[in-house]
Enquirer: 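Following this message is one structure expressed as C-alpha coordinates.
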Amino acid sequence: MHKDKYIFAQLVSFLDRSKFNRIVQKYDGDKYVKSFTCWNQLLVMMFAQLTKQDSLRTTSLTIESLGPMCYHLGFGKGVTRSNLSKANQERDCRIFEEFAYFVVNVAREKRVTDIFKLDGNVYAFDSTTIDLCLNVFWWARFRKHKGGVKIHTLYDIETQIPAFFHITEAKVNDINAMDEIPYESGSYYIFDRGYNDYKRLYTIHQIGAYFVIRAKTNLHYNTEKWKRRMPDNVLSDQMITLSGYYSQKKYPESIRKVIYWDEEQDREFVYLTNATEITALQVANLYKNRWQVELFFKWLKQHLRIKKFWGTNENAVRIQIYSAITAYCMVAIVQHNLHIDKSIYDVLQILDRNLTHKILLPELFGRR
(Lines give C-alpha, C1' and ligand atoms only; values in the text may rest on other atoms or scores of the structure.)
Protein backbone atom coordinates (compact mmCIF):
# COMPACT_ATOMS: atom_id res chain seq x y z
CA MET A 1 0.00 0.00 0.00
CA HIS A 2 2.88 2.39 0.83
CA LYS A 3 5.11 1.17 -2.01
CA ASP A 4 5.14 4.47 -3.92
CA LYS A 5 4.77 6.79 -0.93
CA TYR A 6 7.46 9.02 0.45
CA ILE A 7 8.55 8.26 3.99
CA PHE A 8 7.05 11.48 5.32
CA ALA A 9 3.68 10.61 3.74
CA GLN A 10 3.86 7.16 5.36
CA LEU A 11 4.49 8.78 8.74
CA VAL A 12 1.54 11.15 8.36
CA SER A 13 -0.77 8.23 7.54
CA PHE A 14 -0.52 7.26 11.22
CA LEU A 15 -2.33 10.48 12.19
CA ASP A 16 -6.13 10.75 12.29
CA ARG A 17 -6.92 13.37 9.68
CA SER A 18 -10.67 13.08 10.26
CA LYS A 19 -10.17 14.10 13.87
CA PHE A 20 -8.03 17.04 12.79
CA ASN A 21 -10.68 18.15 10.29
CA ARG A 22 -13.33 18.11 13.01
CA ILE A 23 -11.16 20.29 15.22
CA VAL A 24 -10.53 22.69 12.32
CA GLN A 25 -14.26 22.91 11.67
CA LYS A 26 -14.87 23.58 15.37
CA TYR A 27 -12.69 26.71 15.24
CA ASP A 28 -13.48 27.72 11.61
CA GLY A 29 -9.80 27.30 10.80
CA ASP A 30 -10.25 26.88 7.04
CA LYS A 31 -12.91 29.54 6.61
CA TYR A 32 -12.22 31.51 3.41
CA VAL A 33 -9.10 29.38 2.79
CA LYS A 34 -8.67 28.21 -0.83
CA SER A 35 -5.33 26.45 -0.99
CA PHE A 36 -3.04 26.43 2.07
CA THR A 37 -5.26 24.70 4.66
CA CYS A 38 -4.63 24.05 8.36
CA TRP A 39 -3.72 20.45 7.49
CA ASN A 40 -1.15 21.67 4.95
CA GLN A 41 0.19 24.05 7.58
CA LEU A 42 0.56 21.30 10.18
CA LEU A 43 2.41 19.02 7.74
CA VAL A 44 4.77 21.80 6.67
CA MET A 45 5.51 22.63 10.31
CA MET A 46 6.17 19.00 11.20
CA PHE A 47 8.33 18.46 8.10
CA ALA A 48 10.36 21.53 9.02
CA GLN A 49 10.76 20.24 12.59
CA LEU A 50 11.86 16.77 11.51
CA THR A 51 14.33 18.13 8.94
CA LYS A 52 15.71 20.67 11.46
CA GLN A 53 14.94 23.84 9.54
CA ASP A 54 16.15 27.02 11.25
CA SER A 55 13.66 29.57 9.95
CA LEU A 56 10.66 30.29 7.76
CA ARG A 57 13.05 31.29 4.99
CA THR A 58 14.95 27.99 4.95
CA THR A 59 11.67 26.10 5.28
CA SER A 60 10.08 27.82 2.28
CA LEU A 61 13.26 27.43 0.19
CA THR A 62 13.53 23.74 1.06
CA ILE A 63 9.89 23.09 0.17
CA GLU A 64 10.20 25.13 -3.03
CA SER A 65 13.13 22.95 -4.08
CA LEU A 66 10.96 19.84 -3.77
CA GLY A 67 8.83 20.90 -6.75
CA PRO A 68 6.00 18.48 -7.70
CA MET A 69 6.96 16.33 -4.71
CA CYS A 70 5.09 18.80 -2.46
CA TYR A 71 1.71 17.47 -3.59
CA HIS A 72 2.59 13.90 -2.61
CA LEU A 73 3.99 15.07 0.72
CA GLY A 74 0.67 16.76 1.53
CA PHE A 75 1.83 20.39 1.54
CA GLY A 76 -0.68 21.65 -1.01
CA LYS A 77 -0.17 24.84 -2.97
CA GLY A 78 1.04 28.25 -1.93
CA VAL A 79 3.72 27.23 0.58
CA THR A 80 5.52 30.56 0.62
CA ARG A 81 7.29 32.31 3.43
CA SER A 82 4.60 34.98 3.64
CA ASN A 83 1.70 32.48 3.59
CA LEU A 84 3.26 30.31 6.30
CA SER A 85 4.12 33.35 8.42
CA LYS A 86 0.58 34.73 8.09
CA ALA A 87 -0.96 31.35 8.92
CA ASN A 88 1.19 30.98 12.04
CA GLN A 89 0.39 34.49 13.17
CA GLU A 90 -3.38 34.43 12.57
CA ARG A 91 -4.80 30.89 12.70
CA ASP A 92 -6.21 29.78 16.03
CA CYS A 93 -3.47 27.95 17.95
CA ARG A 94 -6.17 25.98 19.82
CA ILE A 95 -6.58 23.85 16.67
CA PHE A 96 -3.01 22.61 16.96
CA GLU A 97 -3.14 22.40 20.75
CA GLU A 98 -6.26 20.22 20.78
CA PHE A 99 -4.88 17.93 18.08
CA ALA A 100 -1.54 17.68 19.88
CA TYR A 101 -3.32 16.48 23.02
CA PHE A 102 -5.33 14.00 20.94
CA VAL A 103 -2.12 12.54 19.44
CA VAL A 104 -0.53 12.52 22.91
CA ASN A 105 -3.40 10.40 24.25
CA VAL A 106 -3.21 7.99 21.30
CA ALA A 107 0.54 7.57 21.78
CA ARG A 108 0.21 7.00 25.52
CA GLU A 109 -2.53 4.39 25.06
CA LYS A 110 -0.46 2.50 22.51
CA ARG A 111 2.77 2.65 24.52
CA VAL A 112 1.28 1.84 27.93
CA THR A 113 3.67 -0.26 29.99
CA ASP A 114 4.46 -1.06 33.62
CA ILE A 115 8.19 -0.57 34.04
CA PHE A 116 8.12 0.32 37.74
CA LYS A 117 5.50 -2.30 38.71
CA LEU A 118 3.41 0.31 40.54
CA ASP A 119 -0.35 0.67 40.38
CA GLY A 120 -0.29 4.23 39.02
CA ASN A 121 1.38 6.20 36.26
CA VAL A 122 4.81 7.74 36.88
CA TYR A 123 5.35 11.35 35.83
CA ALA A 124 8.26 13.80 35.98
CA PHE A 125 7.36 17.49 36.03
CA ASP A 126 9.78 20.20 35.00
CA SER A 127 10.11 23.23 32.76
CA THR A 128 12.50 24.55 30.14
CA THR A 129 13.03 28.21 29.28
CA ILE A 130 13.46 29.35 25.71
CA ASP A 131 15.10 32.77 25.37
CA LEU A 132 13.56 35.22 22.92
CA CYS A 133 14.73 38.54 21.51
CA LEU A 134 12.89 41.18 23.54
CA ASN A 135 12.88 43.66 20.64
CA VAL A 136 10.84 41.21 18.57
CA PHE A 137 8.96 39.18 21.19
CA TRP A 138 7.99 42.19 23.35
CA TRP A 139 5.02 40.32 24.86
CA ALA A 140 7.33 37.76 26.53
CA ARG A 141 9.35 40.08 28.78
CA PHE A 142 11.48 38.03 31.18
CA ARG A 143 14.16 40.38 32.44
CA LYS A 144 15.03 44.01 31.73
CA HIS A 145 16.71 43.23 28.43
CA LYS A 146 15.51 39.70 27.82
CA GLY A 147 12.38 37.84 26.75
CA GLY A 148 11.42 34.20 26.98
CA VAL A 149 8.76 31.53 27.33
CA LYS A 150 8.60 28.45 29.53
CA ILE A 151 7.26 25.05 28.59
CA HIS A 152 6.07 23.32 31.77
CA THR A 153 5.79 19.62 30.97
CA LEU A 154 4.37 16.60 32.75
CA TYR A 155 6.33 13.75 31.20
CA ASP A 156 5.06 10.16 31.37
CA ILE A 157 8.28 8.29 32.10
CA GLU A 158 6.98 4.82 31.26
CA THR A 159 5.55 5.69 27.84
CA GLN A 160 8.13 8.46 27.15
CA ILE A 161 5.34 10.81 26.08
CA PRO A 162 4.61 14.35 27.38
CA ALA A 163 1.17 13.94 28.95
CA PHE A 164 0.58 17.62 29.73
CA PHE A 165 2.25 20.87 28.70
CA HIS A 166 1.62 24.39 29.94
CA ILE A 167 3.17 27.35 28.09
CA THR A 168 3.77 30.57 30.01
CA GLU A 169 6.00 33.62 29.96
CA ALA A 170 9.44 32.86 31.37
CA LYS A 171 8.86 35.10 34.41
CA VAL A 172 6.18 32.72 35.77
CA ASN A 173 7.53 30.83 38.78
CA ASP A 174 7.82 27.07 38.28
CA ILE A 175 5.97 26.41 41.53
CA ASN A 176 2.85 28.21 40.25
CA ALA A 177 2.67 25.79 37.32
CA MET A 178 2.08 22.95 39.78
CA ASP A 179 -1.49 24.25 40.14
CA GLU A 180 -2.17 23.43 36.48
CA ILE A 181 -1.19 19.75 36.68
CA PRO A 182 -4.15 17.35 36.15
CA TYR A 183 -3.33 15.10 39.11
CA GLU A 184 -4.49 11.48 39.12
CA SER A 185 -5.17 9.54 42.29
CA GLY A 186 -2.65 6.70 42.70
CA SER A 187 -0.07 8.15 40.31
CA TYR A 188 3.49 9.23 41.18
CA TYR A 189 4.86 12.72 40.52
CA ILE A 190 8.60 13.41 40.57
CA PHE A 191 9.89 16.93 41.17
CA ASP A 192 13.27 18.59 41.43
CA ARG A 193 14.19 20.67 44.47
CA GLY A 194 12.85 23.88 42.92
CA TYR A 195 9.27 22.64 43.41
CA ASN A 196 9.46 22.44 47.21
CA ASP A 197 6.15 23.96 48.20
CA TYR A 198 4.64 22.10 51.14
CA LYS A 199 1.12 23.41 50.61
CA ARG A 200 1.02 22.14 47.04
CA LEU A 201 2.69 18.87 48.00
CA TYR A 202 0.06 18.37 50.68
CA THR A 203 -2.63 18.91 48.05
CA ILE A 204 -1.12 16.03 46.06
CA HIS A 205 -1.20 13.90 49.22
CA GLN A 206 -4.84 14.78 49.94
CA ILE A 207 -6.09 13.64 46.52
CA GLY A 208 -4.46 10.24 46.96
CA ALA A 209 -1.48 10.76 44.64
CA TYR A 210 2.19 10.37 45.51
CA PHE A 211 5.19 12.65 45.13
CA VAL A 212 8.98 12.23 45.24
CA ILE A 213 11.00 15.42 45.57
CA ARG A 214 14.51 16.41 46.56
CA ALA A 215 14.57 18.07 49.96
CA LYS A 216 15.90 21.55 50.58
CA THR A 217 19.25 21.84 52.31
CA ASN A 218 17.72 23.86 55.16
CA LEU A 219 15.07 21.26 56.01
CA HIS A 220 13.90 21.46 59.66
CA TYR A 221 12.12 18.43 61.06
CA ASN A 222 11.54 16.09 63.98
CA THR A 223 12.09 12.34 63.57
CA GLU A 224 9.14 10.11 64.51
CA LYS A 225 10.58 6.71 63.59
CA TRP A 226 13.21 5.17 61.38
CA LYS A 227 14.17 1.84 59.87
CA ARG A 228 17.24 0.15 61.33
CA ARG A 229 18.00 -2.35 58.55
CA MET A 230 18.51 -0.78 55.18
CA PRO A 231 19.76 -1.99 51.79
CA ASP A 232 23.06 -0.90 50.26
CA ASN A 233 23.39 2.82 49.47
CA VAL A 234 20.34 3.75 51.58
CA LEU A 235 21.81 5.77 54.43
CA SER A 236 18.55 6.61 56.19
CA ASP A 237 14.82 5.94 55.92
CA GLN A 238 12.74 7.96 58.39
CA MET A 239 9.23 9.20 59.05
CA ILE A 240 9.42 12.83 60.07
CA THR A 241 7.23 15.84 60.81
CA LEU A 242 8.21 19.29 59.62
CA SER A 243 9.14 21.54 62.54
CA GLY A 244 9.10 24.97 60.93
CA TYR A 245 6.06 27.05 61.88
CA TYR A 246 4.86 27.72 58.33
CA SER A 247 5.97 24.39 56.86
CA GLN A 248 4.10 22.52 59.61
CA LYS A 249 0.97 24.54 58.88
CA LYS A 250 1.22 23.75 55.17
CA TYR A 251 2.06 20.05 55.61
CA PRO A 252 0.62 18.96 59.00
CA GLU A 253 1.06 15.19 58.54
CA SER A 254 4.08 12.89 58.66
CA ILE A 255 6.32 12.67 55.64
CA ARG A 256 8.99 10.17 54.63
CA LYS A 257 12.64 11.21 54.32
CA VAL A 258 15.08 8.97 52.43
CA ILE A 259 18.84 9.60 52.20
CA TYR A 260 20.51 7.77 49.33
CA TRP A 261 24.15 7.55 48.25
CA ASP A 262 24.53 7.54 44.48
CA GLU A 263 27.74 5.74 43.60
CA GLU A 264 27.69 6.82 39.95
CA GLN A 265 27.60 10.51 40.86
CA ASP A 266 29.52 10.03 44.13
CA ARG A 267 27.09 12.19 46.05
CA GLU A 268 24.26 12.07 48.57
CA PHE A 269 20.61 12.72 47.75
CA VAL A 270 17.85 13.51 50.24
CA TYR A 271 14.29 12.78 49.11
CA LEU A 272 10.90 13.58 50.60
CA THR A 273 7.88 11.47 49.70
CA ASN A 274 4.43 10.51 50.94
CA ALA A 275 4.79 7.03 49.37
CA THR A 276 5.23 4.74 52.37
CA GLU A 277 4.41 1.40 50.73
CA ILE A 278 7.37 1.31 48.34
CA THR A 279 11.00 0.64 49.28
CA ALA A 280 13.66 3.29 49.73
CA LEU A 281 15.44 1.95 46.64
CA GLN A 282 12.26 2.40 44.63
CA VAL A 283 12.06 6.00 45.82
CA ALA A 284 15.63 6.60 44.65
CA ASN A 285 14.98 4.82 41.35
CA LEU A 286 11.91 6.95 40.67
CA TYR A 287 13.91 10.12 41.13
CA LYS A 288 16.79 8.77 39.02
CA ASN A 289 14.41 8.51 36.08
CA ARG A 290 13.52 12.20 36.29
CA TRP A 291 16.38 12.88 33.84
CA GLN A 292 14.15 11.62 31.02
CA VAL A 293 12.14 14.85 31.01
CA GLU A 294 15.40 16.79 30.63
CA LEU A 295 16.39 14.56 27.70
CA PHE A 296 13.00 15.32 26.13
CA PHE A 297 13.63 19.07 26.51
CA LYS A 298 17.06 18.69 24.94
CA TRP A 299 15.65 16.96 21.88
CA LEU A 300 12.70 19.32 21.69
CA LYS A 301 15.02 22.29 21.45
CA GLN A 302 17.96 20.86 19.52
CA HIS A 303 16.46 18.25 17.22
CA LEU A 304 12.90 19.51 16.77
CA ARG A 305 14.04 23.10 16.40
CA ILE A 306 12.23 24.80 19.26
CA LYS A 307 15.28 26.96 19.86
CA LYS A 308 14.28 29.41 17.14
CA PHE A 309 10.76 30.55 16.37
CA TRP A 310 9.17 31.15 12.98
CA GLY A 311 6.75 33.86 14.06
CA THR A 312 6.81 36.79 16.42
CA ASN A 313 3.49 36.71 18.25
CA GLU A 314 2.40 34.32 20.98
CA ASN A 315 0.04 32.46 18.64
CA ALA A 316 2.89 31.56 16.25
CA VAL A 317 5.13 30.43 19.10
CA ARG A 318 2.40 28.15 20.45
CA ILE A 319 1.65 26.64 17.02
CA GLN A 320 5.32 25.78 16.57
CA ILE A 321 5.52 24.11 19.99
CA TYR A 322 2.28 22.13 19.47
CA SER A 323 3.44 21.03 16.00
CA ALA A 324 6.75 19.81 17.43
CA ILE A 325 4.97 17.79 20.13
CA THR A 326 2.64 16.32 17.50
CA ALA A 327 5.65 15.32 15.38
CA TYR A 328 7.37 13.72 18.37
CA CYS A 329 4.26 11.71 19.32
CA MET A 330 3.66 10.69 15.70
CA VAL A 331 7.15 9.17 15.59
CA ALA A 332 6.49 7.46 18.95
CA ILE A 333 3.32 5.89 17.51
CA VAL A 334 5.20 4.70 14.42
CA GLN A 335 7.98 3.23 16.56
CA HIS A 336 5.40 1.28 18.58
CA ASN A 337 3.19 0.13 15.71
CA LEU A 338 6.10 -1.11 13.60
CA HIS A 339 7.88 -2.68 16.59
CA ILE A 340 11.06 -0.75 15.85
CA ASP A 341 13.79 -1.84 18.23
CA LYS A 342 15.26 1.66 18.59
CA SER A 343 14.54 4.59 20.89
CA ILE A 344 12.33 7.46 19.73
CA TYR A 345 15.42 9.66 19.57
CA ASP A 346 17.30 7.19 17.36
CA VAL A 347 14.26 6.94 15.09
CA LEU A 348 14.16 10.74 14.78
CA GLN A 349 17.80 10.81 13.72
CA ILE A 350 17.26 8.15 11.04
CA LEU A 351 14.21 9.95 9.68
CA ASP A 352 16.05 13.27 9.45
CA ARG A 353 17.75 12.51 6.10
CA ASN A 354 15.18 10.14 4.62
CA LEU A 355 11.81 11.89 4.68
CA THR A 356 11.73 12.42 0.90
CA HIS A 357 12.89 8.91 -0.02
CA LYS A 358 10.60 6.20 -1.35
CA ILE A 359 11.20 3.19 0.81
CA LEU A 360 8.91 1.26 3.11
CA LEU A 361 9.28 2.29 6.73
CA PRO A 362 9.99 -1.27 7.97
CA GLU A 363 12.79 -1.55 5.40
CA LEU A 364 14.24 1.77 6.51
CA PHE A 365 14.60 0.42 10.03
CA GLY A 366 15.93 -2.95 8.98
CA ARG A 367 12.66 -4.89 9.30
CA ARG A 368 11.33 -6.97 6.42
Side-chain angles (χ1 to χ4, degrees), residues 15 20 23-24 27 29 38-39 41-56 58-59 84-108 124-133 136-142 147-156 160-172 174 177 180-182 293-333 344-345 348:
L15 297 178
F20 184 82
I23 296 172
V24 171
Y27 294 104
C38 289
W39 179 252
Q41 181 186 358
L42 175 65
L43 298 196
V44 168
M45 293 295 289
M46 291 198 301
F47 181 84
Q49 301 283 1
L50 293 172
T51 54
K52 303 176 184 177
Q53 302 299 319
D54 287 323
S55 64
L56 284 176
T58 58
T59 300
L84 185 55
S85 175
K86 184 179 179 181
N88 287 344
Q89 300 271 12
E90 298 179 359
R91 288 179 182 170
D92 198 327
C93 65
R94 291 177 297 177
I95 295 171
F96 303 89
E97 179 184 18
E98 196 167 316
F99 188 65
Y101 270 115
F102 171 77
V103 180
V104 161
N105 291 331
V106 172
R108 289 185 65 204
F125 187 71
D126 207 346
S127 71
T128 186
T129 301
I130 303 171
D131 295 334
L132 302 174
C133 175
V136 178
F137 298 88
W138 53 267
W139 50 270
R141 179 176 291 276
F142 177 27
V149 294
K150 272 186 181 177
I151 307 176
H152 307 268
T153 303
L154 187 68
Y155 189 77
D156 187 331
Q160 297 184 337
I161 298 294
F164 169 78
F165 31 92
H166 181 55
I167 304 169
T168 67
E169 296 177 17
K171 63 184 179 182
V172 174
D174 286 347
E180 305 298 327
I181 298 175
V293 68
E294 296 178 357
L295 182 63
F296 171 72
F297 288 146
K298 177 182 177 181
W299 277 81
L300 194 66
K301 290 200 284 189
Q302 293 183 1
H303 296 268
L304 288 180
R305 283 299 182 266
I306 292 296
K307 218 168 185 177
K308 296 181 180 179
F309 288 99
W310 310 331
T312 56
N313 69 354
E314 183 178 359
N315 192 76
V317 169
R318 287 179 176 272
I319 287 178
Q320 186 171 342
I321 292 172
Y322 298 142
S323 299
I325 292 172
T326 301
Y328 176 89
C329 293
M330 175 185 71
V331 172
I333 292 170
I344 298 175
Y345 308 110
L348 284 166

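Because the structure is predicted, anything quoted here is derived from the model rather than measured.
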Enquirer: After noting the C-alpha distance and the side-chain angles of Leu15 and Phe20, does the key distance pass the side-chain contact (heavy atoms from CB on, under 4.5 Å) rule?
Expert: CA-CA 9 Å; Leu15 297 178; Phe20 184 82; over 6 Å; no

Enquirer: As an exercise, state the distance from SG of Cys93 to CD of Glu98, rounded to the nearest 0.5 Å.
Expert: 11.5 Å

Enquirer: Please check this pair: side chain of Asn88 against backbone of Val317, looking for a donor-acceptor N/O pair closer than 3.5 Å.
Expert: no

Enquirer: Might you work through the side-chain contact (heavy atoms from CB on, under 4.5 Å) test for Thr326 and Phe99, ending with a clear yes or no?
Expert: CA-CA 8 Å; Thr326 301; Phe99 188 65; 4.0 Å; yes

Enquirer: How far apart are the closest heavy atoms of Met45 and Gln320, and which atoms are they?
Expert: CE-CA, 3.7 Å

Enquirer: About how many Å separate OG1 of Thr58 and CD of Gln53, when rounded to the nearest 0.5 Å?
Expert: 4.5 Å

Enquirer: If you compare all heavy atoms of Ile344 against all heavy atoms of Ala332, which two are closest, and at what distance to 0.1 Å?
Expert: CD1-CB, 3.7 Å

Enquirer: Hey, mind stepping through Ile167 and Glu97 against side-chain contact (heavy atoms from CB on, under 4.5 Å) and telling me if it holds?
Expert: CA-CA 11 Å; Ile167 304 169; Glu97 179 184 18; over 6 Å; no

Enquirer: Using 0.5 Å steps for rounding, measure from the CG atom of Leu42 to the CD1 atom of Ile23.
Expert: 10.0 Å

Enquirer: What is the minimum heavy-atom distance between Ser323 and Phe96, and which atoms define it?
Expert: OG-CD2, 4.4 Å

Enquirer: Please evaluate residues Glu180 and His152 with respect to the criterion side-chain contact (heavy atoms from CB on, under 4.5 Å), reporting the C-alpha separation (whole Å), side-chain torsions for both, the decisive distance (0.1 Å), and the verdict.
Expert: CA-CA 10 Å; Glu180 305 298 327; His152 307 268; over 6 Å; no

Enquirer: Within a strict 4.5 Å, meaning less than it, do heavy atoms of the Tyr328 and Leu348 side chains meet?
Expert: yes

Enquirer: So that I know where these two stand, are Tyr322 and Tyr101 an aromatic pair - ring centroids less than 6.0 Å apart?
Expert: no

Enquirer: Given side chains that start at C-beta, do those of Phe165 and Ile321 come closer than 4.5 Å, heavy atoms only?
Expert: no

Enquirer: Tell me the closest heavy-atom pair linking Ala170 and Thr129, and the distance in Å.
Expert: CB-CG2, 3.8 Å

Enquirer: Which heavy atom of Ala163 sits nearest a heavy atom of Arg108, and at what distance?
Expert: CB-NH1, 3.5 Å

Enquirer: Quick one: SG on Cys329 to CZ on Phe102, what's the gap to the nearest 0.5 Å?
Expert: 11.5 Å

Enquirer: So which heavy atom on Phe297 is nearest to which on Asp126, and how close?
Expert: CZ-O, 3.5 Å

Enquirer: Are the side chain of Tyr155 and the backbone of Gln160 linked by a donor-acceptor contact shorter than 3.5 Å?
Expert: yes

Enquirer: Which value, rounded to the nearest 0.5 Å, describes the distance between Phe296 atom CZ and Ile161 atom CD1?
Expert: 8.0 Å

Enquirer: Once rounded to the nearest 0.5 Å, what's the spacing between atom OG1 of Thr59 and atom CG of Leu84?
Expert: 7.0 Å

Enquirer: Spell out, as yes or no, whether a donor-acceptor pair under 3.5 Å connects the side chain of Asn315 to the backbone of Arg91.
Expert: yes

Enquirer: Any side-chain heavy-atom pair from Leu50 and Met330 closer than 4.5 angstrom?
Expert: yes

